[in-house]
There are 2 protein chains.
Amino acid sequence: MSTHAISPDDAADIAQIRRFNRLVSQRIGALDQSYLQRGRPLGEARLIFELAPDGADLRLLRTRLGLDSGYLSRLLRSLERQGLVVVDAADDDARQRRARLTAKGAEERAVYDLLSDRLAQSLLASLSARERARLTAAMAEVERMLRVASVELRLVPADSADALGCLDSYFAELARRFDDGFDPSKHQAHAPAPGTPTPGSHIPETLFLVAYSDALPIGCGALLIEDAEVGEIKRVWVAPVARGLGIARKLLHRLEDLARQRGLAMLRLDTNRALAEAQALYRSEGYEPIARYNDNPYAHHWFGKRLEAEA
Amino acid sequence: MSTHAISPDDAADIAQIRRFNRLVSQRIGALDQSYLQRGRPLGEARLIFELAPDGADLRLLRTRLGLDSGYLSRLLRSLERQGLVVVDAADDDARQRRARLTAKGAEERAVYDLLSDRLAQSLLASLSARERARLTAAMAEVERMLRVASVELRLVPADSADALGCLDSYFAELARRFDDGFDPSKHQAHAPAPGTPTPGSHIPETLFLVAYSDALPIGCGALLIEDAEVGEIKRVWVAPVARGLGIARKLLHRLEDLARQRGLAMLRLDTNRALAEAQALYRSEGYEPIARYNDNPYAHHWFGKRLEAEA
DNA sequence: AGTGATCGCTGACTAAAGTCAGAGAATGTC
DNA sequence: GACATTCTCTGACTTTAGTCAGCGATCACT
């Protein structure tokens with residue numbers, strides 16, 4: 001992070017990534033070529049492709065495709081002339097507009113889909129069943145790792161929209177999974193009010209971490225600083241779509257870093273017996289069972305871990 | 001091949017490939033973006049990137065980048081004005097010209113290299129050592145399989161330039177690997193003259209297969225049709241860079257297909273004891289040891305395989 | 001020396017991609 | 001109801017990318 005030089009360890013990995021990019025960009029160039037077969041500029045083709053069957057707001061399209069407002073407008077006008085698209089005002093706000101594919105437009109989109117399939121199919125055609133399996137497995141793995149790499153952990157206010165959104169999903173899941181259900185109010189009772197505390201007050205400070213994948217919140221975790229020595233890990237949660245990628249571990253590591261930065265010597269946490277994978281995570285990270293330290297009605301296990309000072 | 005419909009078996013694989021393309025094309029788009037940071041059109045940036053330190057023939061550049069002659073000329077003129085490139089005549093033919101980077105151009109190229117590295121590095125930075133290893137391993141695997149998929153087997157005249165080129169490399173390798181060296185003339189003595197035979201003559205017909213990866217010959221294999229019943233497999237070879245990808249097996253399969261198409265009932269071949277991997281290939285493909293059937297001075301093992309009729 | 005082919009360059013294009021400054025309508029705010 | 005704001009659209013651009021025909025120099029072959 002701090003160093004800009006490239007270590008020899010990295011060099012081989014970087015070379016691999018660059019070779020990979022080079023090769024794959026050829027393939028993707030081929031995809032563009034096949035789109036051009038329809039005698040339509042690539043910009044228009046991409047737009048057709050990006051238009052969901054039930055339409056999309058122009059704002060969204062602009063940000064998603066990175067287009068200038070005037071440019072998008074012109075592209076849509078051209079597609080309208082071709083009878084592939086209609087643009088009409090949004091229901092709630094007549095300034096905003098939505099673009100939808102016509103029946104003819106949907107047909108055209110299906111053709112692009114088919115071209116895309118063909119290209120993929122021609123790739124597969126020259127491979128044996130075993131080679132195919134290896135290719136698709138490796139692709140899935142690359143995809144998974146790229147998603148992991150694009151995950152960003154950000155400290156946000158505990159009462160921000162993204163934090164509350166994650167907590168909602170988290171609590172909903174707890175309600176489903178706990179044997180005896182889950183009532184947030186009962187749980188919140190012994191928790192502190194969110195927000196930044198006034199320094200010197202006795203309200204413990206909460207550091208709230210949200211994990212984003214492409215600006216979409218997909219997980220969270222909090223560190224409660226109880227006093228100068230002890231912190232509590234709480235609300236570590238990852239959205240179901242993003243599980244199995246090691247994101248919970250990443251959140252935990254970051255929370256521990258934060259704790260160390262504050263000079264804390266000890267972290268503790270509680271957990272419910274229904275959350276087996278959480279317990280496995282904590283144990284594998286060096287957390288050990290300790291005596292009950294709170295009166296959380298939903299807790300069955302209490303763990304603690306001693307932190308070494310920062311290097 | 002014959003069917004245009006997409007089977008349900010394929011559908012999952014195709015979906016995987018398309019997801020993959022989509023995700024990776026975002027990354028590569030990011031790469032293009034980072035190149036544009038230098039305030040130079042992408043075409044020029046790519047050209048700088050493609051120019052090897054010791055220069056390149058314009059012909060080669062045109063084919064490699066797929067550029068029109070006029071267009072390339074203009075790009076080079078622009079880079080010359082910027083003092084990044086010099087174009088001078090080739091040594092042997094004053095019509096041909098070579099482009100080379102100046103010192104300033106080499107610096108600029110280094111900057112692009114660095115940008116590329118940075119992007120790759122930023123990908124790696126957010127991954128743990130294990131995750132990195134998984135990513136690069138999977139990328140290498142995808143690369144390998146894509147290369148396999150792009151291999152094309154073509155029947156060529158046995159005296160074509162590509163065929164002779166492969167044979168040269170093949171014989172050179174045999175000379176290195178055989179305990180007692182290898183002299184092509186001694187080997188050729190008992191082999192038939194290349195070329196298409198006159199039908200009805202007694203000169204056996206030779207089908208010569210060359211494996212191409214991006215128009216580059218990377219392997220070969222031949223089928224000698226001795227009579228209506230028996231064929232001989234000869235000169236199966238794969239360039240060292242392309243080994244471990246199953247190309248030899250592919251060549252062998254295709255030669256067997258050709259033999260079946262001609263109604264042959266039996267294939268045989270000989271091999272030297274130094275070529276262990278070749279023997280392993282033949283055994284795994286159902287070839288079994290048979291009695292010596294020729295007087296090839298370099299052969300130690302003779303294999304045969306019975307062909308079933310075409311389905 | 002003559003002839004035909006090859007190679008790269010220039011001029012003259014076109015199409016696509018993208019930018020920017022308003023205009024005009026709808027909405028939110030005081 | 002005045003005023004600022006938001007959103008899209010249009011007109012008027014520029015830049016990039018790419019194509020095509022023809023020219024002049026050079027080469028290979030006779």
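Letters A, B, ... are given to chains in the order of the sequence lines, protein chains preceding strands, and every chain is numbered from 1. What's counted below: heavy atoms across the whole structure, side chains too, no hydrogens, waters or symmetry copies. In this text, all values refer to a predicted model and were calculated from it rather than measured experimentally.
Between the CZ atom of B:R40 and the P atom of D:dA17 there is a distance of 12 Å, rounded to whole Å. If you take CG of B:D91 and P of D:dT26, they are 15 Å apart, rounded to a whole angstrom. Nucleotide D:dT15 holds its P atom 13 Å from the CD atom of B:E44, rounded to whole Å. As a whole-Å value, the separation of B:Y35 OH from D:dA17 C1' is 19 Å. Atom CZ in B:R98 sits about 14 Å away from atom P in C:dC9, given to the nearest Å. Between the C1' atom of D:dT10 and the CG atom of A:L75 lies a distance of 14 Å, rounded to the nearest Å. Rounded to an integer number of Å, the gap from CZ of A:R81 to C1' of D:dT10 is 13 Å. The distance from atom CG of A:L76 to atom P of D:dC7 is 17 Å, rounded to the nearest whole Å.
Nearest to the side-chain atoms of B:S73 among the listed nucleotides C:dA17, D:dC7, C:dT10 stands C:dT10. Comparing atom distances between the B:Q96 side chain and each of D:dT16, C:dT10, C:dG8 picks out C:dG8 as nearest.
The side chain of A:R62 contributes an N or O atom lying less than 4.0 Å from OP1 or OP2 of D:dT8. For B:R97, no side-chain nitrogen or oxygen approaches OP1 or OP2 of D:dT26 to under 4.0 Å.
Minimum interatomic distance between A:I48 and A:R109 (heavy atoms only, all atoms of both residues): O-CG, 3.6 Å.
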Practice problem: Would you check, one step at a time, whether the test side-chain contact (heavy atoms from CB on, under 4.5 Å) holds for B:S78 with B:E44? | Solution: CA-CA 8 Å; B:S78 165; B:E44 292 185 9; 2.7 Å; yes
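A 4.5 Å side-chain heavy-atom check between A:L84 and A:R40 finds at least one atom pair inside the cut-off.
B:R235 contributes no side-chain N or O that, together with a main-chain N or O of B:Y170, makes up a donor-acceptor pair within less than 3.5 Å.
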Exercise. Determine, for nucleotides 18-30 of chain C in 5'-to-3' order, which nucleotides have protein heavy atoms under 4.0 Å from the base (write B), from only the sugar-phosphate (write S), or from neither (write -).
Key: BBB-----BS---
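Residue-level contact check: A:L42 touches the backbone only, with heavy atoms under 4.0 Å from sugar-phosphate atoms and none from bases. Residue-level contact check: B:L72 touches neither bases nor backbone, having no heavy atom under 4.0 Å from any strand.
Taking the six-membered ring where the residue is Trp, B:F49 and B:Y112 present perpendicular rings, their angle passing 60° and hence far from 30°.
Atom CZ of A:R19 is surrounded by more than 12 heavy atoms from other residues, nucleotides or ligands within 6.0 Å.
A cation-pi geometry, defined here as NZ or CZ lying under 6.0 Å from the six-membered ring centre and within 45° of its normal, holds between A:R154 and A:Y212.
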